[in-house]
Amino acid sequence: MFIALVVVCQTAHGQKELPHLLIKSIDQEIVIDGLDNETVWKEARIGGDFWQTFPTDTLKAVEKTQFRLLSDDKHLYVYVEAYGSQTDLKIRSLKRDFSGRGVDNVTLMLDPFSDSTNGIFIGSNPYSVQREGQISNGGQSGLDLKYSWDIIWEVQSTISDDKYSVEFKIPLSQIKYPENTSTWRFNLYRFNTITNEWTTWTPIPQEFFPINMAFMGTIEFEKPFAKSNPPIYVIPFVNGISSNDFTLDEAENQVSQDLSFGLDGKISITNGLNLDLTINPDFSQVEVDDEIVNLTRFEVSLPEKRQFFIQNEDLFSDYGNLMDSRPFFSRRIGIAEDKNGDNIENPIIGGFRLNGSLNSSTRLGLLSVQTSEDIKNEIPSNNNTVFVLQKQVFSRSNLSVLFINRETFKDYEFISQQDRYNRILGLDYKLASSDNSWTGDFFFHQSFAHQNDHDNASFGARLNRQTRNWSYRLAGVYVGEDYRADLGFVRRTGVYRFFPDLGYTFYPKKSSINSISLEQNLFFTYQKDNGSFRSGDRNYLTQLEFDFNNTSSIEVEYWNRYTYLFEPFDPTGNDNTELPAFKDYYYSYISLEYASDLSRKFFYEVETELGQFYNGHKYSFESEFRLRVQPKFISSLVFNIDHIDLPDPYPTETISLVSSKFEFTFSRNLFWSTFIQYNSQGKDFGINSRLQWRFAPLSDLYIVYNDSYKNNGFFDNTPQLRSINFKLTYWLSI
């Protein structure tokens, strides 16, 4: 029955005829100046006839966009003309890898292996600012864009009275593609803030994102490409840090200074496979995490920001159920629990990552990282390994086999046999029909540890159906009571969750409202209690959303919840009197959210929530304000407040979170950002200020200042940790 369903999903809908463009081969190198003044540009075929994907998908673009492509033995050239008024073009800043929403830009989508699932995007705006990255999971949502992929390429834009033009020069050595290929899947989309329209060369239904890879045309090269022969990159770094830890005893409280060195390497094994190496990596220049307020009973997963782990992240991390049973979560590497149960940094000795495509239907991922031992804090040295083999089946689906291993190869007195190793063997199937109307996930994972062979599996399924007006979902997940994923993210074990939902969207005609969506979500959780399952959580969520043609939106949510506490719980997270376990709690609340026009130089988003909370009440207000003075300054302010009012003897408390970011982009190579945060839940106040100078392609000098305060925040004038570090990285090609 399952196989029949899969086949139906793959073949239920065919696509309309898609655009095709022949690319002329040339024998001269083009000067990148944002102009088409070379004669060969006049001979190139023109791609145009763009369609809207927002605010509608039934009309041609209001303002014309056209493009031309050429190639030689070493480069792909693209010239794009974006017509329309140029009086109020909007950009985010001069910083690379900008978000495309709400700003003017043109972006290329390339699928050299033609698998309709994994690709790259390369784009720019009217100020010649570059953006590039990888697309995974078929581009089903904005989360499938990964900006960590960096390559060396050129772009130049020019602005005239009736258009802006963008000229790209992309070295073929920077792109992975099958040898002797002659046809790639291709699309180009444009965000136009003057007319508030998103347009694409290949028509894309409005219910899908413009990065959706199910809908792409093709480009055919007059001369097939041979082996790319990319250079080997050696990337040394030096990092000097001066710090003062005020939590130490007064005798130990002194400024410490350290100078460290490390090395990264990038080696192309084949046209589609790459090897990344790292020795003594340092991530001190990485942006700090956003502070959050956690009013739940569960750990919260924060996004990975370390570049070594982000590239091709989907090949290693996109398995299982991302909320309940994720077998690999890279942030577990480099962080360990000390003998007091606190999480501290655990330095990485080195590692490698082999990843990419073996051919047009098979991808390989092998990651291995060794962490150092810390005897003082009773932390062993661990080897952390992930192996994945992924095979495309049917038109856009794939089947993956994965093996994950965390193991210490040395006997430590403070490590029990049960904690010596943890392994997971898994099978994942990702469903995506040719027109993306059917999507889903099916997985089975088995964990292995010393004398741990009972109820140690996790499995689940999700099946989505998306039409223009209707959306359906059936999903469920089971996590065994003894299932372990030391390198994963598992919120709780011994649970079964079932969560269906149904939604309907309609599009009013001749209205400022673009769409109105109504969705009903149900969440049921059953948890093991004395050998049998009982209801632990039951949530009914009703959502009503209005999306406007100017990209603003209004959303109303109504929650009706039931919770049975298996353990005592303090909702404030501040060590107050806990709510008692083995008791039922029924509560409901309503929220209202408004987000303004994304393209405005001043953007704001506000949300208020009011209602019951366990055995009391809660009022919440969340807001974000962003101001950009283009092209060189952007700032944001986040202000959240949660007022919890529970009956005596339980807490009544107000929790606040304030964070502000200021970013100056003096040029396309010099950036300065300062991030200030205060969270009353953890009584944390922090300042992170970072200066970045890109003095050569992909080579940077960082100066980073950190200052953190504890207990009463900044106002008690008692810092916890203060540091300043200088980091220099340089890309050398061999």
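Please read these numbers as outputs of a predicted model, since none were measured by experiment.
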*Asks:* Give a yes-or-no answer on whether the side chains of Ser148 and Lys305 include a donor-acceptor pair shorter than 3.5 Å.
*Replies:*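 Note: Ser148 and Lys305 side chains miss the donor-acceptor criterion.
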*Asks:* Between Tyr585 and Tyr562, is the ring centre distance below 6.0 Å?
*Replies:*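 Not close enough - the centres of the two rings lie 6.0 Å or further apart.
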*Asks:* Would Arg306 and Phe283 count as a cation-pi pair here, with the cationic atom under 6.0 angstrom from the ring centre and within 45° of the axis?
*Replies:*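 Verdict for Phe283: a cation-pi partner in Arg306.
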*Asks:* Are Asn274 and Asp276 linked by a side-chain donor-acceptor pair shorter than 3.5 Å?
*Replies:*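 Result is yes, a qualifying pair exists.
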*Asks:* Does the gap between the ring centers of Phe387 and Phe403 come in under 6.0 Å?
*Replies:*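 No: the rings miss the under 6.0 Å criterion.
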*Asks:* Which residues pass the salt bridge (charged side-chain N to carboxylate O under 4.0 Å, His left out) test with Asp342, sequence neighbours left out?
*Replies:*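 Asp342: no salt bridge (charged side-chain N to carboxylate O under 4.0 Å, His left out) contacts found.
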*Asks:* State whether Lys266 and Asp264 are salt-bridged, where the test is any N-O pair (Lys NZ or Arg NE/NH1/NH2 against Asp/Glu carboxylate O) under 4.0 Å.
*Replies:*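 Result for this pair is no, no salt bridge flagged.
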*Asks:* With distance as the sole criterion, is a donor-acceptor pair present between the side chains of Thr385 and Asn383 under 3.5 Å?
*Replies:*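 Thr385 vs Asn383: donor-acceptor pair found between side chains.
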*Asks:* Looking at side-chain heavy atoms only, is the closest gap between Lys727 and Val704 below 4.5 Å?
*Replies:*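 Lys727 does not reach Val704 side chain to side chain.
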*Asks:* Would a line drawn from the ring center of Phe524 to the ring center of Tyr526 be shorter than 6.0 Å?
*Replies:*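 They do not qualify: ring centres at least 6.0 Å apart.
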*Asks:* What I want to find out is whether Asp537 reaches Arg491 closely enough, with some N-O distance under 4.0 Å, to be called a salt bridge.
*Replies:*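 Salt bridge: no.
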*Asks:* Looking at Arg423 and Glu407, is any side-chain nitrogen of the basic one under 4.0 Å from a carboxylate oxygen of the acidic one?
*Replies:*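 Salt bridge present between Glu407 and Arg423.
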*Asks:* Could you verify whether a donor N or O on one side chain and an acceptor N or O on the other, from Tyr429 and Ser400, lie under 3.5 Å apart?
*Replies:*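 Checked: Tyr429/Ser400 side chains show no N/O donor-acceptor pair below 3.5 Å.
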*Asks:* Quick check for you: to the nearest 0.5 Å, what is the distance between Lys430 atom NZ and Asn137 atom CG?
*Replies:*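 One gets 5.5 Å once the value is rounded to the nearest 0.5 Å.
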*Asks:* Do NZ/NE/NH1/NH2 and the carboxylate oxygens of Asp374 and Lys339 come within less than 4.0 Å?
*Replies:*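 Looking at Lys339 together with Asp374, the answer is no, because their closest N to O distance does not fall below 4.0 Å.
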*Asks:* Are Asn382 and Arg406 close enough that a side-chain donor and a side-chain acceptor fall under 3.5 Å?
*Replies:*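 Yes, side-chain donor-acceptor contact under 3.5 Å.
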*Asks:* What orientation do Phe685 and Tyr709 show, parallel under 30°, tilted 30 to 60°, or perpendicular over 60°?
*Replies:*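 The rings of Phe685 and Tyr709 stand perpendicular, inter-plane angle above 60°.
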*Asks:* State which residues pass salt bridge (charged side-chain N to carboxylate O under 4.0 Å, His left out) with Asp290; sequence neighbours excluded, sorted by chain then number.
*Replies:*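 Applying salt bridge (charged side-chain N to carboxylate O under 4.0 Å, His left out) to Asp290 gives none.
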*Asks:* Taking Tyr478 as the fixed residue, which of Phe443, Tyr483, Phe459 is the one that meets the ring-ring contact (aromatic ring centres under 6.0 Å, His included) rule?
*Replies:*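 Result for ring-ring contact (aromatic ring centres under 6.0 Å, His included) with Tyr478: Phe459.
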*Asks:* Could you check, using the six-membered ring where one of them is a Trp, whether Tyr614 and Tyr650 have ring centers closer than 6.0 angstrom?
*Replies:*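 Centroid distance Tyr614-Tyr650: not below 6.0 Å, so no.
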*Asks:* Closer than 4.0 angstrom, basic N to acidic O: yes or no for Glu663 and Lys661?
*Replies:*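 No, no charged N to carboxylate O under 4.0 Å.
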*Asks:* Would you call Asp324-Arg497 a salt bridge at under 4.0 Å N-O?
*Replies:*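 Salt bridge between Asp324 and Arg497, a charged N being under 4.0 Å from a carboxylate O: yes.
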*Asks:* How about Asn321 and Ser325: does a side-chain donor come under 3.5 Å of a side-chain acceptor?
*Replies:*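 Asn321 vs Ser325: no donor-acceptor pair found between side chains.
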*Asks:* In plain terms, say whether Arg331 and Glu299 are close enough for a salt bridge, that is, a side-chain N and a carboxylate O under 4.0 Å apart.
*Replies:*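 Salt bridge between Arg331 and Glu299, a charged N being under 4.0 Å from a carboxylate O: no.
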*Asks:* Measure the OG-CD1 distance between Ser620 and Ile655 for me, rounded to the nearest 0.5 Å.
*Replies:*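 Reported value, rounded in 0.5 Å steps: 9.0 Å.
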*Asks:* When rounded to the nearest 0.5 angstrom, what distance separates CD1 in Ile687 from OH in Tyr678?
*Replies:*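 It comes to 14.0 Å.
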*Asks:* Among Asn118, Thr117, Asn355, find the residue that satisfies the side chain to side chain donor-acceptor pair (under 3.5 Å) test when tested with Arg363.
*Replies:*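 Result: among Asn118, Thr117, Asn355, Asn118 is the only option passing the side chain to side chain donor-acceptor pair (under 3.5 Å) with Arg363.
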*Asks:* Do the charged groups of Arg420 and Asp411 touch, with an N to O distance under 4.0 Å?
*Replies:*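 Salt bridge: yes.
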